[in-house]
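Since the structure is predicted, the reported quantities are computational estimates derived from the model, not experimental observations.
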Amino acid sequence: MTNDSVNAMDYDIVIVGAGLVGATLAASIASQTANQPLKIAIVDQGAAPVIAALDKEPPKFDPRVVALTKNSIKLFKSIGVWSRVQSMRACPYQFMRVWDDEGTGEIAFDAKELAENELGVIVENSILLSAVLAVLAEQKNITLLRGHSVVELSADKEKPGAKSIALSNEQVLTTSLVIAADGAHSKVRELAGLPMRSWSYEQKAIVTTVKTQKPHQDTAWQNFLVTGPLAFLPLAHNSKQYESIVWSADNDEADRLMALSDDDFKAELGRAFEYRLGNIEHVDKRFCFPLTQRHALDYIAPQIALVGDAAHTIHPLAGQGVNLGLLDAAALSAEISRAAERGLSLSDESILRRYQRARKQNNLELMALMESFKRLFGTKNLSVRWLRNTGIKQVNKLTSVKNWLAKKAMGLS
């Protein structure tokens, strides 16, 4: 991979966004088309990411983590990334406990019941990204352009079926296919005129790393509070006492929690988590961001495709956001590889139509499911609470139903 220079302005594919989804997509395309290498440029307005320190005590964990599903891990294995991640830091978890703060209902998931080694793996975002970028660095046909943003997108006047991309440094790239992996506020989506539906969840998510009195037991924990779900996700450390938390709360409650001192926040967090792992002994710096659901009406336009957050964002209560983006990347990479094998131009409309069919309905279904969960556990109606609590108890007893839910939610099927 070459960096920050352009010897030739013409590319087969230009990916805008060098985050986890965009970088993984580039690596996947390169892997699947190795016999017929495609010329790929990745454009990103940011600087190179900082890799989380691995030799500090207490360890400096990245507050952003990903709960990887089996399908996501399969993708990382296929592009030669997973062994690098495992040599750095990753935390498989075999168990998951979900309960209703307003009652006594609880569901316990166990990987053994699903004939799996694990339910998923928690990995810090910076570790995943650094491993993907290391793989990209070995690809001579991929050019990474950092510190440049897209300012204009238009049909190329000299090449039918191609797009012209003007960058902030006045360079102009031409390509058969533009892929927007530039996040929820995608500039490419805006320039392409692809409309998006969005609405606020009226909640904010607080993320940080904590150390608990007791080990995490290789378990992912989630308590559904009436103000929003609280998740404790296990992190890799010899003591097994570190977890990443994602605390989604109604806006006013989130603001109140962020205003607390560290000691007061630890006390509130311990109570909200019902001291399942004892007291909260340490809390890192807290970060807070608003939660909004977004979904593009179309993922495609002529010579343009949206992936990841550029196409959709979802509530973090099930940790599916990045996994959905990685599934987008896998599906689009497969269609590009199929086109290369058949000698189709990358500007052929059938490539993008097949990609959209493969991903749009699946994403909509999961988004609807997450919205239903949020409303179900956020209601203050006493009758609904009683039914919800009773239902959780019954599902926990019905192993086949419980395992079906686990497989759907965790990408094990």
Using side-chain heavy atoms (C-beta onward) and a distance below 4.5 Å, is [X] in contact with [Y]?
X    : Y    : result
K39  : N141 : no
I165 : T175 : yes
E243 : L233 : no
R84  : V135 : yes
L114 : L119 : yes
K163 : I304 : yes
V66  : I122 : no
V43  : L144 : no

Problem set entry | Working for side-chain contact (heavy atoms from CB on, under 4.5 Å), residues L68 and N323 | CA-CA 7 Å; L68 291 175; N323 288 295; 4.1 Å; yes
Exercise. Between T313 (side chain) and R294 (backbone), is there a donor-acceptor pair under 3.5 Å?
Worked result: yes
Exercise. Do the numbers put R276 on top of the ring of W99, so that NZ or CZ is under 6.0 Å from the six-membered ring centre and no more than 45° off the axis?
Worked result: yes
Exercise. Does F109 have R97 sitting over its ring (NZ/CZ under 6.0 Å from centre, angle to axis within 45°)?
Worked result: no
For this session: Show your reasoning for whether side-chain contact (heavy atoms from CB on, under 4.5 Å) applies to L230 and L269.
Result: CA-CA 9 Å; L230 167 62; L269 182 59; 3.8 Å; yes
Problem set entry | Residue pair R342, E335: steps toward the salt bridge (charged side-chain N to carboxylate O under 4.0 Å, His left out) verdict | CA-CA 11 Å; R342 299 190 175 194; E335 291 305 326; over 6 Å; no
For this session: List for me each residue that meets salt bridge (Lys or Arg N to Asp or Glu O under 4.0 Å) alongside E253, sequence neighbours excluded, and say none if there are none.
Result: R256
No-hydrogen, no-angle side-chain donor-acceptor test under 3.5 Å, [X] and [Y]:
X    : Y    : result
S350 : D348 : yes
T227 : D250 : no
Y93  : E118 : no

Residues in side chain to side chain donor-acceptor pair (under 3.5 Å) contact with [X], at least two apart in sequence or another chain:
X    : answer
K159 : D10
Q303 : none
K240 : D218
S347 : S345

Problem set entry | Inter- and intrachain pairs under salt bridge (charged side-chain N to carboxylate O under 4.0 Å, His left out), touching residues 322-333, at least two apart | D328-R359
Exercise. Is the number of heavy atoms from other residues, nucleotides or ligands under 6.0 Å of D255 CG greater than 12?
Worked result: yes
Exercise. Got more than 12 heavy atoms from elsewhere within 6.0 Å of CD, Q94?
Worked result: yes
In residues 176-184, what donor-acceptor pairs under 3.5 Å come from side-chain atoms, sequence neighbours left out?
from, atom 1, to, atom 2, distance (Å)
D182, OD1, S186, OG, 2.6
D182, OD2, S186, OG, 3.2
D182, OD2, K187, N, 3.0
D182, OD2, V188, N, 3.2

Seminar exercise, completed: When rounded to the nearest 0.5 Å, the distance separating CD1 of I42 from CG of L133 is 8.0 Å
Looking only at heavy atoms, which two atoms of [X] and [Y] are closest? And how far apart?
X    : Y    : value
S130 : M88  : OG-CE, 3.4 Å
S164 : D156 : CB-OD1, 3.9 Å
S31  : I79  : CB-CG2, 4.2 Å

Exercise. Do R286 and D262 meet the salt-bridge criterion of a basic N to acidic O distance under 4.0 Å?
Worked result: yes
Exercise. Salt bridge check: are D62 and R64 linked by an N-O gap of less than 4.0 Å?
Worked result: yes
Partner set under side chain to side chain contact (heavy atoms under 4.5 Å, CB included) for [X], not counting sequence neighbours:
X    : result
Q86  : W82
A30  : Q139, I142
Q361 : L364, E365
S337 : Q32, T33, E341

Exercise. Taking only residues two or more places apart in sequence or in another chain, which ones pass ring pair (Phe, Tyr, Trp, His ring centres under 6.0 Å) with F232?
Worked result: F273
For this session: Could you please spell out the steps behind the side-chain contact (heavy atoms from CB on, under 4.5 Å) verdict for I351 and L346?
Result: CA-CA 7 Å; I351 300 170; L346 294 180; 4.3 Å; yes
Problem set entry | Working for side-chain contact (heavy atoms from CB on, under 4.5 Å), residues I15 and L25 | CA-CA 9 Å; I15 300 173; L25 174 59; 4.2 Å; yes
Exercise. Centres of the F61 and Y242 rings: under 6.0 Å?
Worked result: yes
